[in-house]
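Here the structure is a predicted model, which is why all the values come from computation and not from measurement.
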Amino acid sequence: MRYQNLDKTAAYGRLADHAARRKRLDFRAALNGERVRKAQCEMAGGLRFSWAAKDADDEALGLLQALADEQELVEKYRALLDGDIVNVGEKRRVLHHLLRGELGKPVIENGRDLGDFYRGELERVLAFAEAVRAGTIKGSTGESFTTVAQIGIGGSDLGPRALCLALENWAARAGTKKLDARFISNVDPDDAAAELARMPLARAVFILVSKSGSTQETLANERFVKARLLAAGLDPSKHMVAVTSETSPLARNPEYLDSFYIDDYIGGRYSSTSAVGGCVMALAFGARAFRDFLRGAAEADRLALEPEMLKNAALLDAMIGLWERDFLGMPCSAVLPYSQALSRFPAHLQQLDMESNGKRVSRDGEPVSYPTGPAIFGEPGTNGQHSFYQLLHQGTDVTPLQFIGFAESQLGKDVEADGSTSQAKLNANLAAQIVAFAKGQSDKNLNKDFPGGRPSSLIYGKSLTPEALGSLLAHFENKVMFQGFAWNLNSFDQEGVQLGKVLAKKVLSGDSGDSALEEYATMLGL
């Protein structure tokens with residue numbers, strides 16, 4: 001396979017020429033019922049992807065397919081699945097797909113089948129969760145656990161927190177919710193103190209997540225929690241488990257009820273389908289819910305192998321996003337779920353996308369001369385409509401929009417007011433916003449004039465189930481992967497987060513050697 005920068009491809013020049021000479025899609029005429037019906041494709045978990053309101057005509061789509069073929073995006077995905085060293089910066093494989101199913105060759109390292117290793121850890125996690133839920137494993141006072149609290153930061157927090165919030169109401173309705181899921185992430189002591197004040201310590205089990213066993217913020221929060229447990233007369237070793245690597249100081253440590261393992265091939269922001277997400281989700285909602293979640297992700301991974309872009313939602317989403325970023329000059333993207341269950345999902349996607357593709361050098365370490373990853377932000381509808389949609393509708397920049405919606409709410413409880421239910425009002429707003437952004441409104445009073453032409457896509461389905469959630473997560477993981485391959489980036493390291501950590505340690509040592517750093521530290525009471 002050939003790895004080359006985006007602007008070295010033949011398709012790049014053709015796309016640039018098309019962007020320069022084309023007319024913007026006239027949504028007022030183009031966006032009709034027939035286009036909406038046809039411009040969509042199947043996703044896993046009962047979901048569908050619609051690109052009807054995207055500013056991409058047939059010629060652009062054809063050129064984007066040519067780019068995907070020239071950059072061998074699906075072939076590179078297959079190589080990743082087969083265990084090739086895709087994370088070239090750290091010389092590592094990238095194996096989060098293997099956590100949910102084997103789509104490539106068996107990955108063997110030092111005689112160990114890594115697929116078997118991941119499956120074995122999954123079974124251990126689920127067995128532990130079921131034992132806790134059944135009351136077989138109890139806390140130091142002999143009481144059953146009613147709360148699970150995850151201690152972690154970054155990928156150990158954002159993804160699992162978003163997913164637990166997403167399934168809370170589903171589990172309540174399905175009758176599978178057993179433990180309340182809580183999260184402690186910020187090293188700010190106010191975070192841990194507030195969370196601990198809301199839970200019964202004697203009936204709480206804590207999951208410490210640190211692959212290296214040395215994450216500064218996480219270990220500080222662990223000590224905070226252990227001090228509170230001891231002050232309450234509780235034995236911390238009866239209330240904590242660890243998710244870590246087999247070589248970390250947390251592994252096989254008698255200070256924990258058990259330790260569950262991942263390895264360096266599972267990046268933090270891609271770890272929600274490992275024990276990092278699995279332990280807390282299975283404790284809260286049950287082993288079956290987590291298996292269904294994995295099944296949705298595995299099916300999404302399989303569909304992402306389709307070479308025909310219009311039948312591959314992740315690849316299509318990625319290529320249209322690249323078209324908007326590199327050829328239409330749109331630097332941001334908004335994720336707008338019309339589902340309160342997905343209230344923290346945009347925060348997870350911020351890390352997933354911006355930490356993966358927020359890079360200015362190629363996978364070979366050479367500067368690139370074209371835009372790469374966009375800035376990601378978002379909030380659930382209809383809340384966002386009453387905050388930042390003003391800029392999206394009438395601001396000077398055009399921001400591509402990613403809507404997500406479901407026909408049914410999770411709890412199934414609703415109220416009728418003014419002739420319609422709350423769910424009907426929610427989805428009426430969603431449909432209206434897509435068309436309003438696309439078609440706009442002409443008015444002689446420019447303050448009331450909406451230019452339109454604001455592109456959006458829609459992911460939709462009947463309801464947000466564990467399987468649909470797994471599909472949604474994997475869709476965005478694969479979208480980010482395909483864009484990284486197209487831009488010739490290494491989407492699987494994160495050197496940009498390291499410098500601040502190094503300087504923070506220098507500040508704490510009291511001998512930073514930098515007068516500006518020391519002055520800021522003094523201003524902040526250090």
Side-chain angles (χ1 to χ4, degrees), residues 15 19 22-28 30-31 39 49-57 60-61 64 313 316-339 342-358 370-405 429-442 446-460 472 475-476 479-480 482-483 486-487:
L15 280 160
R22 77 183 187 103
K23 292 182 178 179
R24 292 187 66 187
L25 195 64
D26 184 357
F27 283 108
R28 288 177 175 84
L31 190 59
F49 176 74
S50 167
W51 71 93
K54 281 295 191 182
D55 190 3
D57 57 16
L61 291 172
L64 291 169
L316 178 58
D317 200 2
M319 290 296 94
I320 292 176
L322 183 146
W323 164 249
E324 292 166 335
R325 182 73 178 102
D326 288 270
F327 301 100
L328 302 188
M330 300 174 182
C332 301
S333 184
V335 180
L336 309 170
Y338 275 62
S339 168
L342 293 173
S343 61
R344 291 295 292 170
F345 196 63
H348 167 60
L349 295 186
Q350 281 181 331
Q351 186 198 21
L352 173 65
D353 202 314
M354 295 167 73
E355 196 168 80
S356 296
N357 290 338
Y370 43 83
T372 58
I376 306 294
F377 67 96
E379 281 289 326
T382 56
N383 298 37
Q385 293 177 202
H386 295 270
S387 57
F388 55 80
Y389 277 33
Q390 168 62 44
L391 182 145
L392 299 181
H393 274 294
Q394 293 181 303
T396 54
D397 288 317
V398 175
T399 298
L401 315 168
Q402 177 89 70
F403 289 104
I404 305 170
N429 272 277
L430 172 50
Q433 289 295 332
I434 294 172
V435 174
F437 277 115
K439 295 189 174 185
Q441 170 185 281
S442 297
L446 293 184
N447 195 49
K448 297 180 183 294
D449 185 83
F450 290 73
R454 311 282 164 131
S456 67
S457 61
L458 171 66
I459 294 174
Y460 71 98
L472 198 61
H475 170 88
F476 283 101
K479 171 188 175 179
V480 167
F482 283 133
Q483 287 184 330
W487 282 318

Is there a donor-acceptor contact under 3.5 Å linking the side chains of Asp449 and Gln441?
no
Locate the shortest heavy-atom distance separating Ile434 from Ser456; write the atom from each residue and the value.
CG2-OG, 3.7 Å
Spatial distance of atom SG (Cys332) from atom CG (Leu391) [nearest 0.5 Å]:
9.0 Å
When rounded to the nearest 0.5 Å, the distance separating CG of Asp26 from CZ of Arg28 is 7.0 Å
Let me see the working for Phe482 and Leu322 under side-chain contact (heavy atoms from CB on, under 4.5 Å), right down to the final yes or no.
CA-CA 10 Å; Phe482 283 133; Leu322 183 146; over 6 Å; no
Give me the atom names and distance for the closest heavy-atom approach of Met319 to Ala486.
CE-CB, 3.9 Å
Inter- and intrachain pairs under side chain to side chain donor-acceptor pair (under 3.5 Å), touching residues 323-337, at least two apart:
Lys54-Glu324, Asp326-Trp487
Show the nearest heavy-atom pair for residues Ile376 and Met354, with the distance to one decimal.
N-SD, 3.4 Å
How far apart are the closest heavy atoms of Gln483 and Asp317, and which atoms are they?
NE2-O, 4.3 Å
Is a donor on one side and an acceptor on the other found under 3.5 Å between the side chain of Lys439 and the backbone of Leu31?
yes
Is there a side-chain contact (heavy atoms from CB on, under 4.5 Å) between Leu472 and Leu342 once you walk through the steps?
CA-CA 11 Å; Leu472 198 61; Leu342 293 173; 3.9 Å; yes
Asn383 meets the side-chain contact (heavy atoms from CB on, under 4.5 Å) criterion, sequence neighbours left out, with none
Is the backbone of Gly384 close enough, under 3.5 Å, to the side chain of Ser387 for a donor and an acceptor to pair up by distance?
yes
Of all heavy-atom pairs linking Leu336 and Gly378, the shortest is CD2-CA, 4.4 Å
Is Gln402 reaching over with its side chain to a backbone N or O of Ala334, donor-acceptor style, under 3.5 angstrom?
no
Has the side chain of Asn357 got a donor or acceptor atom that lies under 3.5 Å from a matching backbone atom of Val480?
yes
Go through Asp55 and Phe27 one step at a time and tell me if the side-chain contact (heavy atoms from CB on, under 4.5 Å) criterion holds.
CA-CA 8 Å; Asp55 190 3; Phe27 283 108; 4.1 Å; yes
Could you tell me how the ring of Phe403 sits relative to the ring of Phe437: parallel (under 30°), tilted (30 to 60°) or perpendicular (over 60°)?
tilted
Can you tell me how far the NE2 atom of His348 sits from the CZ atom of Arg344, to the nearest 0.5 Å?
11.5 Å
Hey, does the side chain of Arg454 reach the backbone of Ala438 with a donor-acceptor pair shorter than 3.5 angstrom?
no
Tyr389 and Tyr338 aromatic ring geometry - parallel, tilted or perpendicular at 30°/60° bounds
tilted
Locate the shortest heavy-atom distance separating Asp57 from Ala60; write the atom from each residue and the value.
OD1-N, 2.8 Å
The criterion is side-chain contact (heavy atoms from CB on, under 4.5 Å); which residues satisfy it with Ala313, sequence neighbours excluded?
Cys41, Met43, Phe49, His475
Rounded at 0.5 Å granularity, tell me how far CZ in Phe377 sits from CD in Gln350.
9.5 Å
List the steps, then state whether side-chain contact (heavy atoms from CB on, under 4.5 Å) holds for Leu430 with Tyr460.
CA-CA 11 Å; Leu430 172 50; Tyr460 71 98; over 6 Å; no
Beyond-backbone contact of Ser339 with Pro380, side-chain heavy atoms, under 4.5 angstrom
no
